[in-house]
Structures are given as C-alpha cells and as structure tokens.
Amino acid sequence: MSTVEVLPGYDQGGESSDVSWLSTSKDKVTLQPGASTTITVGLDATVPEVTQPGDYTAALTVQTDTPYSGADIGVKMHVNPPKDWGKYAGTVLGADGKGGTAPLAGATIQINASTTSYTLRTAKDGTFALWFDSRLNPVTVIVSKDGYQPVTTTVKVKKGETITVDVLPGLKDSVGKSAKRRSVVVGMA
C-alpha cells in the first residue's frame, strides 16, 4: 500500500477528507513487495464537532499504485455521556387526516435552560433526542410546527436516565387541548 487517507462524506461530510476526531500515525507509506506496516488510529472525542454521546463512524481507504484495489477500513468511535447528563427524546406526532396520528418531520424542538438553549428539528420519522447536563434543570421545552398549536412543557432530566415523550401539537383549527404522553425509561439509552 502506498497511501492511507480518510474517506470524505463520513459524519463531517463536505469536500474535505478530514474527520476531526480521527487521526493516523502515518498519512503515507511506501512498502516493498511482501512487506507490511502498522498504522495507529487515534480517536478524540474532545473535538468541537463531537457534541453528543453516541456512535461516530468514518472509513479509511487504502490507495495503491498496484493493479490491486485496497479495501476500506471502517472506524467507529463510541462516546459515553458524562455522568451528570440525561437524555430527552421523543416523537412528535400530528394528525394523519384519517382520525389517527403520524410522525411530524421538521417540527422544531426548542429547549431553554437558564444559561443556554438548544434548537432541534425532528427527523423524517418525527423523532428527536438531546443529551444535556442535568444540572441545567428544569428546562422549558417548546414544540412547534406550521399548522399546529405549539406545546410548552417543563422537563427535568435525571443523571443517566432517558425521558421519552410523544408530543401531539394541536391543529390550529381544532378545539381542545394539545395532548402529550410521557413515559420515563430508566437506564442508559
């Protein structure tokens, strides 16, 4: 093998082939036929791009000037949450037009603490999740989406626990209160 580099498009994306949390001990090596080398891969969860616990993935690709292709080498970094953090997660649901509910993609989740705030958007399946320091408790959560009445609630996360909610914002033309179901899942998610 003659070159080792990080494939673009894994986690950080863009034109750059750099993944800030990944480093290698060598960027390029030249080997004689039959020879081998060891390249040390370093992972750093303290870089600014790593803001949440979870799994981060990338791949190293091996380029060669021989007629043989190099295989990609997958790299995964798992980041555990700090001990004082809890997770707030859930699904935002809206009317499906048939009397039931369906996930709301693109709803805004605004989480306001006394010293900071977070803004999230729900995924295509209506889900959202955020780990944050339980010492920020309590936080005010506002869930909003065009065409729906916003829902505001106060939340307290507990160290090492996940609070899971289903949020049902009310239609602006509907009568009645917006509903929310809440369940607490104890343990790390």
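Small disclaimer: the values here were computed from a predicted structure and weren't measured.
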Heavy-atom side-chain proximity of Val75 to Val19 below 4.5 angstrom: no

Any side-chain donor near an acceptor of the partner, Asp72 and Thr61, under 3.5 Å: yes

Heavy-atom pair with the smallest gap, counting every atom of Lys159 and Lys83: CB-O, 3.5 Å

Report, one line per pair, each donor and acceptor closer than 3.5 Å where one atom sits in a side chain of residues 102-113; sequence neighbours left out.
| residue | atom | partner | partner atom | Å |
| --- | --- | --- | --- | --- |
| Thr108 | OG1 | Arg121 | NH1 | 2.1 |
| Gln110 | OE1 | Thr119 | OG1 | 2.6 |
| Gln110 | NE2 | Asn112 | OD1 | 2.8 |

Separation of Lys145 NZ from Leu93 CG (nearest 0.5 Å): 13.0 Å

Side-chain donor/acceptor pairs under 3.5 Å, residues 38-47, sequence neighbours excluded:
| residue | atom | partner | partner atom | Å |
| --- | --- | --- | --- | --- |
| Asp44 | OD1 | Thr46 | N | 2.9 |
| Asp44 | OD1 | Thr46 | OG1 | 2.5 |
| Asp44 | OD2 | Thr46 | OG1 | 3.3 |

Val157 vs Asn137 side-chain heavy atoms within contact, under 4.5 Å: yes

Same cluster (ILVMFWY, side-chain, under 4.5 Å), Ile142 and Leu130: no

Sub-4.5 Å side-chain heavy-atom contact between Val151 and Gln149: no

CH2-OH distance between Trp21 and Tyr56, expressed to the nearest 0.5 angstrom: 9.5 Å

Side-chain heavy atoms of Thr91 within contact of Asp125, under 4.5 Å: no

Verdict with reasoning, Asp84 to Ser134, per side-chain hydrogen bond (donor to acceptor under 3.5 Å, both in side chains): CA-CA 6 Å; Asp84 287 331; Ser134 63; 5.1 Å; no

N/O donor-acceptor pair under 3.5 Å between Glu161 side chain and Lys87 backbone: no

Separation of Tyr88 OH from Phe128 CZ (nearest 0.5 Å): 4.5 Å

Asp133 (side chain) donor-acceptor with Trp85 (main chain) under 3.5 angstrom: no

Stepwise side chain to side chain contact (heavy atoms under 4.5 Å, CB included) test for Val79 and Gln52: CA-CA 8 Å; Val79 179; Gln52 288 285 291; over 6 Å; no

Thr101/Asp96 under side chain to side chain contact (heavy atoms under 4.5 Å, CB included): CA gap, chis, key distance, verdict: CA-CA 5 Å; Thr101 60; Asp96 66 1; 5.9 Å; no

Nearest heavy-atom neighbours spanning Ala129 and Leu120: O-CD1, 3.9 Å

Euclidean distance, Lys156 NZ relative to Ile163 CD1, rounded to 0.5 Å: 10.5 Å

Non-hydrogen side-chain atoms of Val29 and Thr37 separated by less than 4.5 Å: yes

Approximate separation, where rounding is to 0.5 Å, of Trp131 CH2 and Asn80 CG: 9.0 Å

